[in-house]
Amino acid sequence: MADHSGWRLGIASAPIHHGEILQGVFPHEGGLTRGLVTLPCTIYKTHATFMPAPGAELTVSPAWKTKALRAAELTIAAISPDGEHPVGGHLDLSGDVPLCRGFGSSTSDVLATIWAVKDAFVSALAPEDVARLAVQAELASDSLMFEETSVLFAQRDGEVIEDFGYRMPPVRVLGFGSRPQHNGQGVDTLAFPPASYGTDETRSFAELQAMLRDAIQTKDAALLGAVATASTEINQRHLPIPDLDRIRWIVREVGALGVQAAHSGDIAGILFDRDDRDVEARTEHAKDLLHSTGIHEQWIFTTGD
């Protein structure tokens with residue numbers, strides 16, 4: 001009879017992200033690889049519980065969370081010893097992450113699932129292994145599994161292009177829905193085709209990677225904002241933000257660091273120096289100017305806390 005004494009109810013929570021600081025194509029292993037650097041966010045989370053059970057049947061609630069179900073299957077296979085009897089169980093997911101906005105809802109589901117299954121079997125999985133499983137489960141994944149460092153992540157390959165060695169410098173973010181005429185309905189991120197970049201854009205990405213490395217290693221929030229703004233401007237050709245010129249004027253008017261965006265979503269954010277003594281006043285001024293532009297869906301969070 002199989003020994004199930006090591007099984008328990010697995011519990012985990014996974015964060016979301018707020019689009020990207022940088023996304024494009026980057027030199028990697030003799031070629032160019034699609035990669036991104038996500039902006040961590042704390043305003044939503046996904047919670048997962050997993051109860052293992054003998055037998056091969058595996059279920060999920062809600063039933064439409066098929067990517068998470070696939071992640072559970074893959075994780076069980078990855079951590080089960082060879083020759084062990086089939087293992088199934090029930091996965092339950094809850095949370096309030098908005099869909100199709102650029103918050104990384106699918107990755108949050110998948111990551112919470114992997115961590116909950118790992119917890120149920122009291123097993124260890126390195127972030128690199130979690131990344132590989134996440135990409136297998138959802139075809140493309142964000143880099144939320146790397147909690148202790150900022151990475152340039154190949155979202156379709158599940159590989160780290162560059163580990164910058166530190167977390168990015170903390171920033172205050174005034175987030176907003178960048179396409180108010182869509183009433184927060186978002187973008188179909190699965191149907192959105194990968195961007196096709198030109199030669200000049202490709203050259204710019206290598207330069208921005210170097211700038212971001214410097215920003216992270218020297219804790220230069222202003223340089224981080226410059227990288228995010230440049231990446232947002234490049235993305236205008238692929239998924240334009242209405243009134244970006246006006247938003248960039250607001251950034252200058254209030255003394256913010258820059259603007260960042262979800263490169264396959266409809267959220268964006270104005271970045272501020274978290275430690276600026278005038279950050280509250282600058283943020284309130286920017287909120288008012290966004291309102292005057294017709295952008296009323298707004299939220300605030302801070303990274304690095």
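Since we're looking at a predicted model, the values are computed, not measured.
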Derivation and outcome, side chain to side chain contact (heavy atoms under 4.5 Å, CB included), residues D129 and R132: CA-CA 5 Å; D129 296 323; R132 176 180 52 81; 4.1 Å; yes
Residue pair R70, E138: steps toward the salt bridge (charged side-chain N to carboxylate O under 4.0 Å, His left out) verdict: CA-CA 8 Å; R70 176 62 175 156; E138 57 171 336; over 6 Å; no
Candidate pair R248 and E253, rule salt bridge (charged side-chain N to carboxylate O under 4.0 Å, His left out), full reasoning: CA-CA 9 Å; R248 291 189 61 203; E253 177 71 12; over 6 Å; no
Residue pair V279, D273: steps toward the side chain to side chain contact (heavy atoms under 4.5 Å, CB included) verdict: CA-CA 7 Å; V279 66; D273 182 347; over 6 Å; no
From CA spacing to verdict: side chain to side chain contact (heavy atoms under 4.5 Å, CB included), L58, E73: CA-CA 8 Å; L58 189 61; E73 294 172 348; 3.3 Å; yes
Test log, rule side chain to side chain contact (heavy atoms under 4.5 Å, CB included), inputs V60 and F50: CA-CA 9 Å; V60 63; F50 178 71; over 6 Å; no
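The environment of R246 atom CZ is dense: over 12 non-hydrogen atoms of other residues, nucleotides or ligands sit within 6.0 angstrom. By the 6.0 Å contact criterion, CD on Q236 is enclosed, its count of non-hydrogen atoms from other residues, nucleotides or ligands being greater than 12. Atom NZ of K287 has 12 or fewer neighbouring heavy atoms from other residues, nucleotides or ligands inside a 6.0 Å radius.
Interatomic distance, CE of M211 versus CD1 of I216, reported as 12.0 Å (0.5 Å rounding). Between L74 atom CG and L133 atom CG the span is 6.0 Å, to the nearest 0.5 Å. The distance from atom OG of S141 to atom CD of Q136, rounded to the nearest 0.5 Å, is 11.5 Å. Note that the CG atom of L208 and the CD1 atom of I21 stand 11.5 Å from one another [nearest 0.5 Å]. Remark: T75 OG1 to F121 CZ distance equals 10.0 Å, nearest 0.5 Å. Within the model, atoms OG1 of T107 and CD1 of I16 stand 11.5 Å from one another, a figure rounded to the nearest 0.5 Å.
Contacts of S13 classified as side chain to side chain contact (heavy atoms under 4.5 Å, CB included), with partners at least two apart in sequence or in another chain: K45, H47. The side-chain hydrogen bond (donor to acceptor under 3.5 Å, both in side chains) check on E280 picks up R172, with sequence neighbours excluded. Annotation: side chain to side chain contact (heavy atoms under 4.5 Å, CB included) contacts of V151 (sequence neighbours excluded): S143, F146, T149, F153, V160, D163. For D200, the side-chain hydrogen bond (donor to acceptor under 3.5 Å, both in side chains) partners are R203, not counting sequence neighbours. Applying the side chain to side chain contact (heavy atoms under 4.5 Å, CB included) rule to T33 yields the partners H28, A154, D157, I161; only residues at least two apart in sequence or on another chain are considered. A search for ring-ring contact (aromatic ring centres under 6.0 Å, His included) contacts involving F26 returns F205, not counting sequence neighbours. Partners of H291 according to the ring-ring contact (aromatic ring centres under 6.0 Å, His included) rule, which considers only residues two or more places apart in sequence or in another chain, are H296. Scanning for ring-ring contact (aromatic ring centres under 6.0 Å, His included) contacts around Y44 gives F103, with sequence neighbours left out. Qualifying side chain to side chain contact (heavy atoms under 4.5 Å, CB included) partners for T42, counting only residues two or more places apart in sequence or in other chains: F301. By the side-chain hydrogen bond (donor to acceptor under 3.5 Å, both in side chains) test, D276 is found to be paired with R282, residues two or more places apart in sequence or in another chain being considered. Under the rule for a side-chain hydrogen bond (donor to acceptor under 3.5 Å, both in side chains), the partners of E201 that lie at least two apart in sequence or sit in another chain are R237.
Residue L111 is grouped with residue I79 when hydrophobic side chains (ILVMFWY) are merged at heavy-atom distances under 4.5 angstrom, including chains of intermediate members. Two different hydrophobic clusters hold V227 and L36 under the rule that ILVMFWY side chains link at heavy-atom gaps under 4.5 Å. Hydrophobic clustering, with ILVMFWY side chains joined whenever heavy atoms are under 4.5 angstrom apart, keeps L257 apart from F176. Hydrophobic cluster membership is shared by L22 and L271, with clusters built from Ile, Leu, Val, Met, Phe, Trp and Tyr side chains linked at under 4.5 angstrom. Residues L224 and Y166 fall within the same hydrophobic cluster, defined by Ile, Leu, Val, Met, Phe, Trp and Tyr side chains chained together at heavy-atom separations under 4.5 Å.
Looking at S231, its side chain does come within 3.5 Å of a backbone N or O of Q23 through a donor-acceptor pair. The closest donor-acceptor contact from the side chain of T303 to the backbone of V171 lies under 3.5 Å. The closest donor-acceptor contact from the side chain of T229 to the backbone of V259 lies under 3.5 Å. Formation of a donor-acceptor pair under 3.5 Å by the S292 side chain with backbone atoms of L289 is found in this model. Between the E20 side chain and the H263 main chain, a donor and an acceptor come within less than 3.5 Å of each other. Checked by atom type and distance alone, the side chain of S108 never pairs as donor or acceptor with a backbone atom of G104 at under 3.5 Å. Remark: side-chain polar atoms of D142 are not paired, donor with acceptor, to backbone N or O of L144 under 3.5 angstrom. Within the 3.5 Å criterion, the main-chain N or O of G265 finds a donor-acceptor partner in the side chain of R179. Between the T49 side chain and the G10 main chain, no donor and acceptor come within less than 3.5 Å of each other. Under a 3.5 Å cut-off, the side chain of Q260 and the backbone N or O of H18 do form a donor-acceptor pair.
For the pair R8/P52, no side-chain contact is recorded, criterion being any heavy-atom separation below 4.5 Å from C-beta on. Residues L174 and Q298 meet the side-chain proximity criterion, which asks for heavy atoms closer than 4.5 Å. By the 4.5 Å heavy-atom criterion applied to side chains, L9 and D119 are not counted as neighbours. In this structure, I76 and V117 have side chains that are in contact, with non-hydrogen atoms separated by less than 4.5 Å.
The shortest heavy-atom contact between A134 and I114 is N-CD1, 3.9 Å. Smallest separation of non-hydrogen atoms from I241 and A268: CD1-CB, 4.2 Å. Here the closest non-hydrogen pair linking H17 and G102 is CE1-O, 3.2 Å. Between A140 and R156, the closest heavy-atom pair is CB-CG, 4.0 Å. Across A48 and L91, no two heavy atoms sit closer than the pair CB-CD1, 4.3 Å. Across all their heavy atoms, W299 and I43 have their closest contact at CD1-CD1, 3.7 Å.
Identified under the side-chain hydrogen bond (donor to acceptor under 3.5 Å, both in side chains) test for residues 213-224, with sequence neighbours left out: E162-R213.
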